[in-house]
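Structure first, then comments.
Letters A, B, ... are given to chains in the order of the sequence lines, protein chains preceding strands, and every chain is numbered from 1.
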Protein chains: 4
Amino acid sequence: MGSEAEPRAHTGRRRNEATRHAVLAATVGLLRDAEHGPLTLPVIAAAAGVGRQTVYRWWSTPGEVLLEALAEQASAQVPTPDTGSLDADLRVFLERTLRGAAAPATAPVLRGLAREAARDEQAAELLRTFTATRRAALRGLLLRHADRLAPDVDVDLLVDQVYGLLWYRLLIGHAPLDEDTARRLAEGLVAAAGVAPSDWTRSSTGPAGGG
Amino acid sequence: MGSEAEPRAHTGRRRNEATRHAVLAATVGLLRDAEHGPLTLPVIAAAAGVGRQTVYRWWSTPGEVLLEALAEQASAQVPTPDTGSLDADLRVFLERTLRGAAAPATAPVLRGLAREAARDEQAAELLRTFTATRRAALRGLLLRHADRLAPDVDVDLLVDQVYGLLWYRLLIGHAPLDEDTARRLAEGLVAAAGVAPSDWTRSSTGPAGGG
Amino acid sequence: MGSEAEPRAHTGRRRNEATRHAVLAATVGLLRDAEHGPLTLPVIAAAAGVGRQTVYRWWSTPGEVLLEALAEQASAQVPTPDTGSLDADLRVFLERTLRGAAAPATAPVLRGLAREAARDEQAAELLRTFTATRRAALRGLLLRHADRLAPDVDVDLLVDQVYGLLWYRLLIGHAPLDEDTARRLAEGLVAAAGVAPSDWTRSSTGPAGGG
Amino acid sequence: MGSEAEPRAHTGRRRNEATRHAVLAATVGLLRDAEHGPLTLPVIAAAAGVGRQTVYRWWSTPGEVLLEALAEQASAQVPTPDTGSLDADLRVFLERTLRGAAAPATAPVLRGLAREAARDEQAAELLRTFTATRRAALRGLLLRHADRLAPDVDVDLLVDQVYGLLWYRLLIGHAPLDEDTARRLAEGLVAAAGVAPSDWTRSSTGPAGGG
DNA sequence: GACTAATCGAGACGGTACGTCGCGTCTTACA
DNA sequence: TGTAAGACGCGACGTACCGTCTCGATTAGTC
């Protein structure tokens with residue numbers, strides 16, 4: 001976004017909710033644009049069509065605005081699938097995750113968040129919290145199928161391979177994050193981490209399941 | 001670094017090589033410090049104890065200084081091992097790669113490079129080139145053992161899992177890049193990508209070893 | 001003054017007279033303080049402990065408030081004496097005028113008025129009107145004794161010498177406006193403007209009196 | 001003035017004298033215009049066509065610029081006449097003084113100085129110093145003719161009547177400061193302050209001189 | 001005695017000006 | 001000729017203040 005909005009009506013001595021939303025929306029909009037340089041409060045104010053003092057009144061730093069803006073979006077809610085099969089759960093989760101991250105509405109925001117994290121400690125903390133939440137989700141999924149994993153497998157390593165790949169491709173941009181990638185990645189992780197599956201277990205979801 | 005250096009003697013009408021090195025060293029030093037904000041030429045000049053005009057005369061942008069500074073370091077030269085065994089080659093390569101990246105002298109520079117890449121397009125291009133070179137090295141290693149890989153394996157996916165993990169942990173900092181990580185990662189990749197290995201090979205490291 | 005006042009009770013849909021007086025009193029109080037910067041409506045409102053909108057509702061500019069505030073004071077009413085003697089009338093008038101201007105309650109207000117007149121055209125107009133009134137009073141006094149004045153005397157010059165001295169000393173502050181000044185000034189003016197006085201008149205106050 | 005000037009060439013690491021003069025000239029120019037509000041450094045910088053930082057580098061406050069700007073003008077050098085005659089000296093001095101103050105090039109600057117003095121303590125101090133110098137000049141002139149003055153005459157009172165009249169008319173603007181005013185004022189002061197002159201002295205200028 | 005009407009204190013809001021900070025250009029003085 | 005030094009114009013940042021606007025509380029008049 002980054003363009004100005006129409007004027008808003010005052011709300012008297014109460015805080016103007018419309019203004020608040022305009023600021024948060026403009027912030028996410030600016031995060032999308034790589035063109036705009038550092039995310040500063042005056043730039044946010046201008047993009048939101050809001051007085052500078054209004055932004056400074058409610059937020060101290062760009063990081064605070066960012067935190068609230070992204071929280072407002074209830075961003076990237078990837079539900080954890082639960083089909084009973086590790087293979088299927090993982091494949092679905094990765095498909096959803098990669099598709100969500102690569103979506104045109106999301107990818108620029110994630111890139112913008114990383115860009116800000118490289119510049120602003122508050123944004124970096126925000127990014128750390130955000131990624132920790134995502135890692136926990138995937139770790140939970142894997143641990144639900146602990147019986148299918150080798151006993152000494154390093155779950156965190158598996159998790160970081162997934163999100164490492166995701167951010168690496170997202171930021172470098174040399175390769176896609178498509179459905180095929182998700183499928184192959186899921187298979188590879190299962191092959192790397194899993195004990196040889198029992199036939200009957202495998203047969204329930206596996207491609208080679210007995211007919 | 002980031003601190004001032006002692007004065008250097010003029011060299012008259014010849015370009016002062018000591019000054020050049022001071023600038024490049026100060027640049028790498030600044031890259032290490034997350035404290036310092038954006039890497040700009042005046043900051044570099046001040047850190048090198050050098051006149052601003054001297055820096056502007058020889059380099060146009062911070063990206064150019066960065067390029068020359070990192071090239072000067074011949075940084076992160078990880079030789080590709082060649083033992084004849086995929087498992088061994090991969091394990092050694094990953095151990096060297098992760099150890100090199102996590103080394104106290106290197107990690108802050110890589111983080112600094114990523115930080116600058118988030119801000120400066122030239123630095124981003126530099127980072128893209130650098131990572132492409134590294135990916136090519138690992139891809140070459142894997143392709144040397146193409147007979148050990150499943151015919152339809154996605155080599156790029158394997159490569160990106162490695163460097164994705166590396167950068168992800170390097171930048172988020174939530175988990176280490178130690179030797180154990182390298183070993184487990186190597187095993188996982190082989191398990192994911194490899195055809196069934198010869199027994200004697202597998203038995204040396206494989207989870208199913210030892211009856 | 002310039003400090004806040006205690007809260008006042010509402011008077012419903014009638015204009016609150018107490019508020020009006022608080023505003024006017026605060027205005028005069030602020031005029032006294034050279035510390036306070038320009039006299040603006042928000043500053044007046046704050047000093048009066050009154051909502052800004054209340055001030056803006058009843059007055060448009062600081063000049064309007066000032067006009068009403070000074071009119072309220074019916075300030076500096078110097079009655080014109082009439083003893084029949086030019087010397088006595090003039091001496092008494094000047095004593096009263098200088099004493100009034102130099103009084104601790106008045107001098108800071110006059111200085112403040114001059115200060116505002118240097119900034120606000122409305123205040124300047126107010127000051128011009130005020131000074132014109134004062135000049136007219138003194139001119140009237142002198143013209144009542146036209147027979148004692150030389151026929152070609154410039155009455156306006158005499159008047160401006162008086163008020164010029166007054167404002168000059170008031171604003172620069174390098175010399176007092178005391179009773180002795182008034183007496184000597186009166187004598188000087190009579191000497192400068194008067195025809196030779198009747199002996200008995202002169203002998204009453206003149207330097208050559210004493211007998 | 002108040003308009004922008006053409007760009008100036010840099011002078012390297014030496015202070016740019018052309019810039020300095022541009023700032024001082026613009027300051028006096030702004031002082032002339034009553035339109036321009038308070039004399040602030042950014043306004044001066046804009047009027048001089050100079051970067052703000054350049055003004056802030058060399059002067060801390062508008063008062064400092066003002067001091068230097070007026071000193072640069074070597075302003076209002078009224079040479080003290082010395083003809084041997086009180087009447088003549090005084091008349092000439094007052095004519096020069098009033099003519100100088102009322103001159104189109106000077107009057108607006110004096111008014112501007114008074115305007116700033118009403119707002120800025122540094123400018124007020126400058127005005128006090130300036131007026132003190134002028135008073136001393138006139139007092140010196142009068143004291144040179146102490147034998148012509150009554151022994152108990154208040155010289156300061158005479159001086160302040162002169163400058164009081166000058167500033168009063170200059171600022172209120174209700175009456176002119178012309179040659180006739182100067183002549184009449186001089187006569188009045190001599191009449192007020194002088195002992196009865198010897199006949200031959202009086203006859204030279206006095207209106208009632210026998211002859 | 002409820003309802004309307006208008007005042008009052010409070011503070012959010014958009015806009016503007018101020019003083020600071022940093023970048024990149026330019027010119028000098030010196031080696 | 002190259003280097004250190006620093007003045008300079010420009011623009012962004014964060015703060016302060018002005019005048020407008022709306023809100024909720026309070027009280028005076030009206031039916």
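Taking atom CD on Glu17(D) and atom P on dT28(E), their separation rounds to 14 Å, with Å as the unit. With rounding to whole Å, Leu39(A) atom CG is found 11 Å from dG14(F) atom P. Regarding His36(C), its NE2 atom lies at a distance of 12 Å from the P atom of dC18(F), rounded to whole Å.
Considering only side-chain atoms of Pro42(C), the nucleotide from dC13(E), dT25(E), dC18(F) that sits closest is dC18(F).
Within a heavy-atom distance below 4.0 Å of DNA chain E, the residues of residues 51-60 of chain C found are Gly51(C), Arg52(C), Gln53(C), Thr54(C), Arg57(C), Trp58(C).
Looking only at distances, a side-chain donor or acceptor of Glu64(A) sits under 3.5 Å from a matching main-chain atom of Ser60(A). A donor-acceptor distance shorter than 3.5 angstrom exists from the side chain of Asn16(D) to the backbone of Ala18(D), with no hydrogens or angles considered.
Among residue pairs with one or both ends in residues 107-120 of chain A, those qualifying as side chain to side chain donor-acceptor pair (under 3.5 Å) are Glu116(A)-Arg119(A); sequence neighbours excluded.
If you find the closest nucleotide of DNA chain F to Ala9(C) and to Arg15(D), the one lying nearer the 5' end belongs to Arg15(D). Between Thr19(A) and Thr40(D), the one whose closest nucleotide on DNA chain E sits nearer the 5' end is Thr19(A).
In this structure Glu17(A) satisfies the salt bridge (Lys or Arg N to Asp or Glu O under 4.0 Å) test together with Arg20(A), sequence neighbours excluded. Residues satisfying the salt bridge (Lys or Arg N to Asp or Glu O under 4.0 Å) test with Glu121(D), not counting sequence neighbours, are Arg128(D).
Look at Arg20(C) and you won't find any side-chain N or O under 4.0 angstrom from OP1 or OP2 of dT7(E). Between Arg8(C) and dG9(E) there is a side-chain polar atom (N or O) within less than 4.0 angstrom of OP1 or OP2.
By the 4.5 Å heavy-atom criterion applied to side chains, Leu66(C) and Trp59(C) are not counted as neighbours.
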Strictly under 3.5 Å: I want the nitrogen or oxygen pairs between protein and nucleotides 29-31 of chain F, one per line.
| residue | atom | partner | partner atom | Å |
| --- | --- | --- | --- | --- |
| dG29(F) | OP1 | Arg14(C) | NE | 2.9 |
| dG29(F) | OP1 | Arg14(C) | NH2 | 3.1 |

Name every donor-acceptor pair, under 3.5 Å, that has one atom in a side chain of residues 43-58 of chain B and the other anywhere in the protein, sequence neighbours excluded.
none

